[in-house]
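The structure appears right after this line, and notes come after that.
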Amino acid sequence: MKIGIFGGTYNPVHLGHTALANYICNLGLVDEVWLMVSPQNPFKQDHQLLDEAVRYRLVTLAVRDFPRLRASDFEFRLPRPSYTYVTLHELALAYPDDTFSLIIGADNWAKFPAWRNSADILAHYPVIVYPREMVSGERLMISDGDSDGDATNANPIFLPSAPLYPISSTAIRCALAAGDDVSPWLDPAVHDEIIRQGLYRQ
Ligand code: ATP
């Protein structure tokens with residue numbers, strides 16, 4: 001199978017994550033998307049992260065009605081901090097019958113040269129890049145000349161027409177801490193679990 005790896009902290013997972021992953025599945029670029037929960041993002045070491053097992057459990061709830069989306073805790077068993085080139089290499093070893101690609105937003109694509117062994121990643125794995133709208137309202141689009149996933153040998157594969165989902169986990173955490181209603185941005189079961197456990201209330 002062709003599997004797209006969509007990594008993140010998922011602190012917490014929201015509807016933007018699952019909608020985008022589902023959109024990419026429906027394009028036919030991959031057979032499945034794995035939402036891979038990062039135990040510790042090298043770029044986010046200072047952030048207060050909810051326990052990884054709790055974040056993973058929320059992702060399993062969020063994907064339960066999407067047959068081609070999976071929650072993955074694969075990085076929990078790897079050395080920390082988890083670097084994407086290591087994760088991809090270990091995935092290829094653990095699942096020799098599958099092929100892996102990486103799904104990242106235009107915000108991460110802009111920072112991609114700073115990722116450890118980024119050239120190695122590009123040389124060995126397709127990288128799928130989609131536009132991002134940030135909480136600030138800033139839109140990181142992909143230029144008109146870029147492909148929409150139809151160029152067979154292009155890497156990265158740009159998806160300029162992918163929809164924007166102006167939601168972020170940061171905004172959701174802030175709203176929860178302020179006691180605001182975040183139900184429009186979350187899967188109902190994820191929302192129930194967050195409220196039941198009083199998560200992100202500070
Ligand atoms: P935070 O606000 O805590 O930084 P986030 O939601 O921006 O969180 P992650 O939890 O790391 O980011 O998200 C996992 C993956 O989903 C990352 O690749 C991130 O770029 C992407 N992503 C996050 N929010 C959206 C969104 N609204 N639309 C599409 N992709 C998103």
Side-chain angles (χ1 to χ4, degrees), residues 3-27 29-30 33-52 54-63 66 69-75 81-84 87-88 100-112 114-115 118 121 125-142 156-178 182 184-187 190-191 194 199-200 202:
I3 295 161
I5 297 300
F6 191 31
T9 44
Y10 297 107
N11 188 37
V13 62
H14 54 65
L15 293 180
H17 297 133
T18 44
L20 192 274
N22 194 46
Y23 172 86
I24 290 176
C25 273
N26 288 340
L27 280 183
L29 288 173
V30 294
V33 171
W34 292 5
L35 283 75
M36 185 163 289
V37 179
S38 176
Q40 185 187 8
N41 179 329
F43 291 107
K44 292 186 176 176
Q45 275 174 2
D46 296 338
H47 285 211
Q48 275 295 332
L49 281 186
L50 209 64
D51 184 81
E52 64 200 41
V54 178
R55 287 181 287 124
Y56 172 71
R57 153 120 183 104
L58 295 179
V59 177
T60 62
L61 290 174
V63 300
F66 293 92
L69 305 189
R70 303 250 179 281
S72 173
D73 60 0
F74 188 81
E75 284 189 342
S82 41
Y83 288 101
T84 301
T87 304
L88 289 167
F100 292 91
S101 54
L102 187 64
I103 299 168
I104 59 173
D107 53 330
N108 278 325
W109 177 244
K111 294 184 275 184
F112 192 73
W115 287 24
S118 57
I121 296 175
Y125 305 93
V127 178
I128 299 168
V129 183
Y130 62 90
R132 262 308 289 279
E133 178 165 341
M134 312 307 287
V135 204
S136 59
E138 184 192 2
R139 290 184 165 192
L140 298 159
M141 306 307 287
I142 294 165
I157 300 164
F158 289 114
L159 303 180
S161 310
L164 291 167
Y165 304 97
I167 317 171
S168 80
S169 299
T170 304
I172 290 168
R173 290 193 302 274
C174 289
L176 280 163
V182 292
W185 313 116
L186 299 174
D187 171 273
V190 171
H191 181 257
I194 287 175
L199 303 175
Y200 305 107
Q202 290 195 342

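Predicted model only: the values in this text are computed from it and were never measured. As the structure lists them, so they are numbered: ligands from 1, and atoms in each ligand from 1.
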By ring-ring contact (aromatic ring centres under 6.0 Å, His included) - contacts of Tyr10 (at least two apart)
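Listed in chain order: His17.
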
Which of these, Phe100, Phe74, Tyr56, sits in a ring-ring contact (aromatic ring centres under 6.0 Å, His included) with Trp34?
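Going through Phe100, Phe74, Tyr56 one by one, the ring-ring contact (aromatic ring centres under 6.0 Å, His included) with Trp34 is satisfied by Phe100 alone.
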
Distance filter under 4.0 Å to [X] heavy atoms, resulting ligand 1 atoms:
| X | value |
| --- | --- |
| Thr9 | 9 (P), 10 (O), 11 (O) |
| Asn108 | 18 (O), 20 (O) |
| Ile167 | 24 (N), 26 (C), 27 (N) |
| Thr170 | 1 (P), 2 (O), 3 (O), 4 (O) |
| Tyr165 | 26 (C), 27 (N), 28 (N) |
| Arg173 | 3 (O) |

In the structure I gave you, are the side-chain heavy atoms of [X] and [Y] within less than 4.5 Å of one another anywhere?
| X | Y | value |
| --- | --- | --- |
| Val37 | Asp73 | no |
| Leu69 | Phe6 | no |
| Asp187 | Phe66 | no |

From Gly8, Gly105, Gly7, Ser168 - option closest to atom 18 (O) of ligand 1 by heavy atom:
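Among Gly8, Gly105, Gly7, Ser168, the closest heavy atom to atom 18 (O) of ligand 1 belongs to Gly7.
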
Have a look at Ser169, Ala171, Pro163 and point out the one with the heavy atom closest to atom 5 (P) of ligand 1.
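Of the listed residues, Ser169 has the closest heavy atom.
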
Look only at interatomic distance and state if Gly16 has a nitrogen or oxygen under 3.5 Å from any nitrogen or oxygen of ligand 1.
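N/O-N/O distance under 3.5 Å: no.
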
Just to verify, what does Ala19 make a side-chain contact (heavy atoms from CB on, under 4.5 Å) with, not counting sequence neighbours?
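Ala19 satisfies side-chain contact (heavy atoms from CB on, under 4.5 Å) with Tyr165 once adjacent residues are dropped.
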
Arg132 to Gly105 - nearest heavy-atom pair and separation
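Scanning both residues, the minimum pair turns out to be CG-CA, 4.0 Å.
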
